[in-house]
Amino acid sequence: MKNVLILGASGQIAQMVTDELKDKVNLTLFVRSPQKLIGSKEPATIVQGDALNVDELTAAMKGQDLVYSNLGPDRMAEMAKVVTQAMNNAGVKRLIWVATAGIYGEESTDEGLARATQIFGAYDDPSSYFGDERVGADYIDQAADINATIIRPNALTNADVLENVVVDGRNDRIRPSAQPISRKTVAHFISQLILDDTQYQNDSIAISQG
């Protein structure tokens with residue numbers, strides 16, 4: 001079975017991915033606070049560590065086939081550098097990196113972009129939430145020898161339903177018909193990509209309900 005490392009494994013979406021995949025791949029869960037993991041995660045391996053510590057990350061990445069990062073929401077630019085360095089140290093090539101929709105100014109309308117900027121800051125300001133996410137995603141996108149899929153979910157909901165997913169590309173504005181997407185749907189999308197990671201290689205995609 002494929003060896004998969006989940007970074008930020010205590011996150012809500014990451015735990016849904018773990019529950020969906022724990023009998024389908026060999027999972028290692030990298031987490032700062034294991035007590036935040038809900039329910040049994042057996043047979044996954046749990047590693048306590050700091051995602052800003054390159055040595056701890058490198059050790060956890062050795063022997064992995066794919067890294068899925070659920071890190072954030074803060075210090076994303078800093079973590080992107082450490083994650084890619086650790087991957088290079090460990091010889092791991094495939095990465096799924098979760099960012100957020102809006103970091104390229106790709107909102108479907110100018111009015112939507114203005115509202116998002118008011119809440120999250122300008123995407124070209126590295127000190128803002130959007131800007132930090134953008135710098136991190138750009139660093140991942142440009143990292144040599146890393147085959148990354150950057151996933152940018154639209155606004156998230158807690159709806160307990162699997163929804164139809166629409167995908168918009170790196171250089172596309174999010175289509176006007178796109179809607180907020182449930183965490184459950186995002187987790188399922190990521191799980192399916194982990195199982196067949198030949199999709200969306202070296203790409204950045206926005207996903208929405210549609």
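Every value quoted in this text rests on a predicted model; they were computed, and no experiment measured them.
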Answer with yes or no whether the side chains of [Y] and [X] bring together a donor and an acceptor at under 3.5 Å.
X: Asn3; Y: Gln64; result: no
X: Arg175; Y: Ser208; result: no
X: Ser128; Y: Tyr123; result: no

Nearest non-hydrogen partners of [X] and [Y], listed with the distance:
X: Phe30; Y: Ala51; value: CE2-N, 3.7 Å
X: Ala99; Y: Ile150; value: CB-CG2, 4.2 Å
X: Ala144; Y: Asn88; value: O-OD1, 3.9 Å
X: Ser10; Y: Ser33; value: CB-O, 4.5 Å

What's the separation between atom [atom1] in [X] and atom [atom2] in [Y], rounded to the nearest 0.5 Å?
X: Leu95; Y: Ser69; atom1: CG; atom2: OG; value: 6.5 Å
X: Asn154; Y: Ile207; atom1: CG; atom2: CD1; value: 9.0 Å
X: Thr58; Y: Gln85; atom1: OG1; atom2: CD; value: 7.0 Å
X: Asp203; Y: Asn147; atom1: CG; atom2: CG; value: 10.0 Å
X: Asn70; Y: Ile151; atom1: CG; atom2: CD1; value: 10.5 Å

[X] side chain to [Y] main-chain N or O, any donor-acceptor pair under 3.5 Å?
X: Lys2; Y: Ile194; value: yes
X: Gln142; Y: Ala137; value: no
X: Ser182; Y: Thr185; value: yes
X: Glu163; Y: Gly210; value: no
X: Asp125; Y: Gly131; value: no
X: Gln209; Y: Pro180; value: yes
X: Arg173; Y: Glu106; value: no

Is there a path of hydrophobic side-chain contacts, each under 4.5 Å between heavy atoms, that joins [X] and [Y]?
X: Val17; Y: Ile205; result: yes
X: Leu193; Y: Leu5; result: no
X: Val186; Y: Ile174; result: no
X: Leu66; Y: Ile13; result: yes
X: Val67; Y: Met16; result: no

Check the surroundings of atom [atom1] in [X]: do more than 12 heavy atoms from other residues, nucleotides or ligands lie under 6.0 Å from it?
X: Glu42; atom1: CD; result: no
X: Lys81; atom1: NZ; result: no
X: Gln118; atom1: CD; result: no

Q | Any side-chain heavy-atom pair of Val165 and Ile181 under 4.5 Å | A | yes
Q. Are any of the side-chain heavy atoms of Arg32 and Gln48 separated by less than 4.5 Å?
A. no
Q. Quick one: which of Thr157, Asp160, Asn158 gives a side chain to side chain donor-acceptor pair (under 3.5 Å) with Arg183?
A. Asn158
Q.
Is the terminal nitrogen or CZ of Arg170 (NZ for Lys, CZ for Arg) located under 6.0 angstrom from the six-membered ring centre of Tyr104 and within 45° of that ring's axis?
A. yes
**Q.** Lys/Arg N to Asp/Glu carboxylate O, Lys41 vs Asp19, below 4.0 Å
**A.** yes
Q: Please report the C-alpha distance between Asp197 and Arg94 in whole Å, then the side-chain angles of each, then the deciding distance to 0.1 Å, and finally whether the salt bridge (Lys or Arg N to Asp or Glu O under 4.0 Å) criterion is met.
A: CA-CA 8 Å; Asp197 66 291; Arg94 191 69 173 97; 3.2 Å; yes
Q: With sequence neighbours excluded, tell me which residues meet ring-ring contact (aromatic ring centres under 6.0 Å, His included) with Phe130.
A: Phe120
